[in-house]
Amino acid sequence: MQNLVEQAADITVLVGADGDVTGISVNPDCPSLGSLDHWVGRPFDKFLTIESREKLAQRLAILRSDPDVIPRALEINHVDNATWEFPIRYTLHRIYGSEDVLLLGRDMQPIAEVQQRLVAEQMARERDQQKLRGEQTFYNVVLEASETPLIMVEPEKGRIRDLNSAAALLLGTKAATLAGSSLAQVFEGRRREELMEALKSAAGSEEVKGVDLIARRNGRAVSLSPHFFRAAGELFMLCRLVSIDEQISSGSEVAQSMALLFASTSDAIVLTDGKGTIRDANDAFLEMTDAAQLRDVRETNLDDYFARGAVDLKLMLETAHKKGRLRNYATQMTSVVGTRSSVDISVAKLENKGGDFGYGFIIRNVTPVEGVDAEGAAAVVSEDAMKNVMDLVGTASLKELVSATSDVVEKLCIETAVQLTGNNRVAAAEMLGLSRQSLYVKLRKHGLLNSGSDD
């Protein structure tokens with residue numbers, strides 16, 4: 001019987017009615033438990049943790065209160081020799097004709113060790129994943145912050161793995177549109193196999209040279225300079241993009257002088273596409289608009305910074321498109337923080353061999369430093385208009401005076417709008433927020449409608 005009990009359980013404990021251990025047996029196949037003969041004659045709960053004592057007391061109470069109940073298995077933690085702790089899963093059995101309880105236990109230490117290793121492995125995986133996410137974040141930040149256009153390519157598949165915004169801007173699209181697409185589809189007239197062979201040849205050459213291509217979306221001529229590198233056992237290609245136009249002009253002394261002038265002049269210079277979207281701007285424009293850096297204004301529309309918004313931009317672009325240039329256009333600009341400044345703008349249409357390249361704006365701040373000079377005052381309200389109003393004082397009520405003054409201001413505003421738009425009544429009506437018919441009525445009212453002011 002004793003051999004049967006030893007083989008059926010890793011540890012067997014007989015607990016008397018008073019809670020003392022009256023007998024104990026340890027399976028020889030469980031040497032990790034050691035010898036526990038010193039438990040005999042001593043309280044069983046003395047070798048349990050505090051939490052296990054409460055669990056055992058509750059289970060024994062259930063067992064002794066109802067002779068027909070079959071108690072569930074119980075997992076408790078033993079302590080011995082102050083530091084040694086081990087878990088045992090017991091099943092409780094009654095000894096008929098006695099108050100003693102037989103506990104058949106299975107050593108849970110191997111399972112606990114496996115669980116601890118699994119927990120440690122899971123924590124190590126989470127640390128590795130967190131580190132990997134951190135490295136990915138660093139990679140994304142550095143790639144995006146670089147002003148050099150860069151494309152990461154999988155050479156075997158000929159597919160774009162990643163690229164930064166500078167490269168996407170040079171190719172005339174957004175980074176999210178090109179990521180994962182075929183590199184050959186981005187350029188004109190190149191098959192995938194042909195393009196990849198050309199890039200591999202350039203990357204393997206001792207001389208640093210690139211492959212000249214034409215971007216499909218905007219027709220710009222670019223040069224790709226490829227470099228091989230290996231990561232995690234896979235071969236990748238890093239391609240640096242350079243605009244051929246910029247590459248050719250970079251060696252020109254005149255171009256270098258123009259670049260220095262662009263960067264150091266006190267007048268704001270802005271380059272836009274055909275719709276007024278900002279491509280480049282110098283530091284003077286950033287100061288005028290209170291922008292922190294170029295990327296804050298790039299890809300925004302220039303009309304966002306005009307007090308009259310799209311009205312000003314539309315008029316300037318239409319005039320520059322028809323005549324090639326526009327000089328001395330007066331308006332007001334609004335910074336990102338809401339401050340306004342009076343400016344004088346010159347616009348030129350930019351053309352190259354490939355067609356229209358966009359527009360260039362030179363913006364000069366003409367806001368008076370102290371007050372308004374005599375000429376400015378005269379330009380605001382004429383002396384005759386002021387004299388006519390002043391002559392009414394004492395002969396008319398204040399209401400009539402205000403009405404007469406408002407007519408003077410209305411006439412002055414209409415004259416200014418017509419003058420600014422070069423007698424373009426459609427643009428003048430849009431500038432004043434009037435319909436074209438309403439503008440004609442007011443022109444006729446103030447005697448400004450004449451045969452020589454055609455649209």
Side-chain angles (χ1 to χ4, degrees), residues 9-11 27 29-34 45 47-56 58-59 72-91 105-169 173-183 203 226-241 292-293 295-296:
D10 296 332
I11 179 174
N27 192 323
D29 294 335
C30 295
S32 60
L33 296 177
D45 60 3
F47 302 101
L48 301 176
T49 61
I50 296 176
E51 297 82 1
S52 297
R53 292 175 188 175
E54 296 178 358
K55 292 167 63 177
L56 178 63
Q58 293 175 0
R59 198 61 55 84
R72 293 180 292 105
L74 174 67
E75 186 174 321
I76 57 180
N77 292 322
H78 283 289
V79 291
D80 198 1
N81 297 330
T83 58
W84 185 36
E85 182 174 335
F86 55 95
I88 300 292
R89 182 181 178 84
Y90 285 107
T91 57
R106 180 173 298 279
D107 185 10
M108 303 298 292
Q109 290 185 85
I111 298 177
E113 291 174 359
V114 172
Q115 290 176 340
Q116 290 175 358
R117 287 198 296 270
L118 288 175
V119 171
E121 190 70 23
Q122 181 66 25
M123 294 178 65
R125 274 187 74 182
E126 290 179 357
R127 287 195 298 269
D128 291 342
Q129 290 177 354
Q130 186 174 4
K131 184 178 180 181
L132 182 61
R133 287 194 295 268
E135 296 294 338
Q136 184 68 31
T137 301
F138 287 134
Y139 161 78
N140 291 336
V141 170
V142 172
L143 181 66
E144 191 62 27
S146 175
E147 295 186 359
T148 302
L150 298 172
I151 298 180
M152 202 85 66
V153 180
E154 299 177 10
E156 295 301 324
K157 300 178 180 179
R159 187 174 60 189
I160 297 175
R161 182 181 179 89
D162 205 353
L163 73 163
N164 59 3
S165 297
L169 180 64
T173 184
K174 296 181 179 180
T177 304
L178 295 181
S181 62
S182 173
L183 181 65
H227 300 278
F228 280 117
F229 71 96
R230 192 174 295 276
E234 296 186 29
L235 192 64
F236 295 95
M237 184 183 293
L238 180 64
C239 297
R240 182 171 60 88
L241 276 72
Q293 50 190 346
R295 68 175 57 188
D296 295 336

*Asks:* Please name the residue in the list E113, Q115, Q109 that meets the side chain to side chain contact (heavy atoms under 4.5 Å, CB included) test with I111.
*Replies:*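 Filter result, single survivor: Q115.
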
*Asks:* With rounding to the nearest 0.5 Å, note down the distance linking CZ in F228 to CG in L238.
*Replies:*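 Going from CZ on F228 over to CG on L238, the span is 11.5 Å.
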
*Asks:* Count the heavy atoms belonging to other residues, nucleotides or ligands that lie under 6.0 Å from CD of E121, then report whether that count exceeds 12.
*Replies:*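 For E121, atom CD is not crowded (no more than 12 foreign heavy atoms under 6.0 Å).
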
*Asks:* Are there more than 12 heavy atoms of other residues, nucleotides or ligands under 6.0 Å from atom CD of Q129?
*Replies:*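 Atom CD in Q129 is crowded, with more than 12 foreign heavy atoms closer than 6.0 Å.
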
*Asks:* Nearest 0.5 Å, please: how far is CG in L118 from CE in M123?
*Replies:*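 Here the interatomic distance stands at 13.0 Å.
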
*Asks:* Within a reach of under 6.0 Å around CZ of R53, are more than 12 heavy atoms found that belong to other residues, nucleotides or ligands?
*Replies:*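 Yes, the 6.0 Å shell around CZ holds more than 12 heavy atoms from other groups.
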
*Asks:* Quick one: does Y139's side chain get under 4.5 Å of D162's, heavy atoms only?
*Replies:*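 Y139 reaches D162 side chain to side chain.
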
*Asks:* Ring centroids only, cut at 6.0 angstrom: are F47 and H78 within range, meaning strictly under it?
*Replies:*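 They do not qualify: ring centres at least 6.0 Å apart.
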
*Asks:* Output the distance between atom CD (E54) and atom CD1 (I50), rounded to the nearest 0.5 Å.
*Replies:*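 Going from CD on E54 over to CD1 on I50, the span is 8.0 Å.
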
*Asks:* Is L74 close to K55 at the side-chain level, that is, under 4.5 Å between some pair of heavy atoms?
*Replies:*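 Answer yes - side chains close enough.
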
*Asks:* Test L150 against L163 for side chain to side chain contact (heavy atoms under 4.5 Å, CB included), laying out the working first.
*Replies:* CA-CA 6 Å; L150 298 172; L163 73 163; over 6 Å; no

*Asks:* Please confirm whether the backbone N or O of Q293 pairs with a side-chain atom of D296, one donor and one acceptor, at under 3.5 Å?
*Replies:*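 The answer is yes, because a donor-acceptor pair under 3.5 Å joins these two groups.
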
*Asks:* Let me confirm one number: the OG1-CG distance from T148 to L143, rounded to the nearest 0.5 Å.
*Replies:*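 CG of L143 is found 10.5 Å from OG1 of T148.
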
*Asks:* Roughly how far, to the nearest 0.5 Å, is OG1 of T177 from CD1 of I160?
*Replies:*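 So the gap between those two atoms works out to 10.5 Å.
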
*Asks:* Other residues, nucleotides and ligands only: do more than 12 of their heavy atoms fall within 6.0 Å of CD on E75?
*Replies:*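 Atom CD in E75 is crowded, with more than 12 foreign heavy atoms closer than 6.0 Å.
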
*Asks:* Working to the nearest 0.5 Å, report the span between CD1 of I11 and CG of N27.
*Replies:*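 I11 CD1 to N27 CG: 10.5 Å, rounded to 0.5 Å.
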
*Asks:* Is there a side-chain contact between N77 and L48 in this structure, where contact means two heavy atoms from C-beta onward sitting under 4.5 Å apart?
*Replies:*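 Side-chain contact under 4.5 Å: no.
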
*Asks:* Measure from the side-chain N and O atoms of S146 to the backbone N and O of V142, and report whether any donor-acceptor pair falls under 3.5 Å.
*Replies:*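 Side chain of S146 to backbone of V142: no pair is present.
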
*Asks:* Is the closest side-chain heavy-atom distance between E154 and F236 below 4.5 Å?
*Replies:*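 They are in side-chain contact.
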
*Asks:* What are the two closest heavy atoms between R59 and A73, and how far apart are they?
*Replies:*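 For R59 versus A73, the nearest heavy atoms are NH1-O, 3.2 Å.
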
*Asks:* Does any non-hydrogen side-chain atom of V153 lie less than 4.5 Å from one of R161?
*Replies:*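 Result no, sub-4.5 Å side-chain heavy-atom pair not found.
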
*Asks:* Ignoring hydrogens, what is the shortest heavy-atom contact between G105 and A9? Give both atom names and the distance.
*Replies:*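 Nearest heavy atoms, G105 then A9: O-CB, 3.4 Å.
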
*Asks:* If you count the non-hydrogen atoms of other residues, nucleotides and ligands that lie under 6.0 Å from CD in Q130, is the total more than 12?
*Replies:*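 Counting neighbours around CD of Q130, 12 or fewer heavy atoms of other residues, nucleotides or ligands fall under 6.0 Å, so no.
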
*Asks:* What I'd like to find out is whether the side chain of R240 reaches to under 4.5 Å of the side chain of P149, using heavy atoms alone.
*Replies:*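 The answer is no; the side chains never approach within 4.5 Å.
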
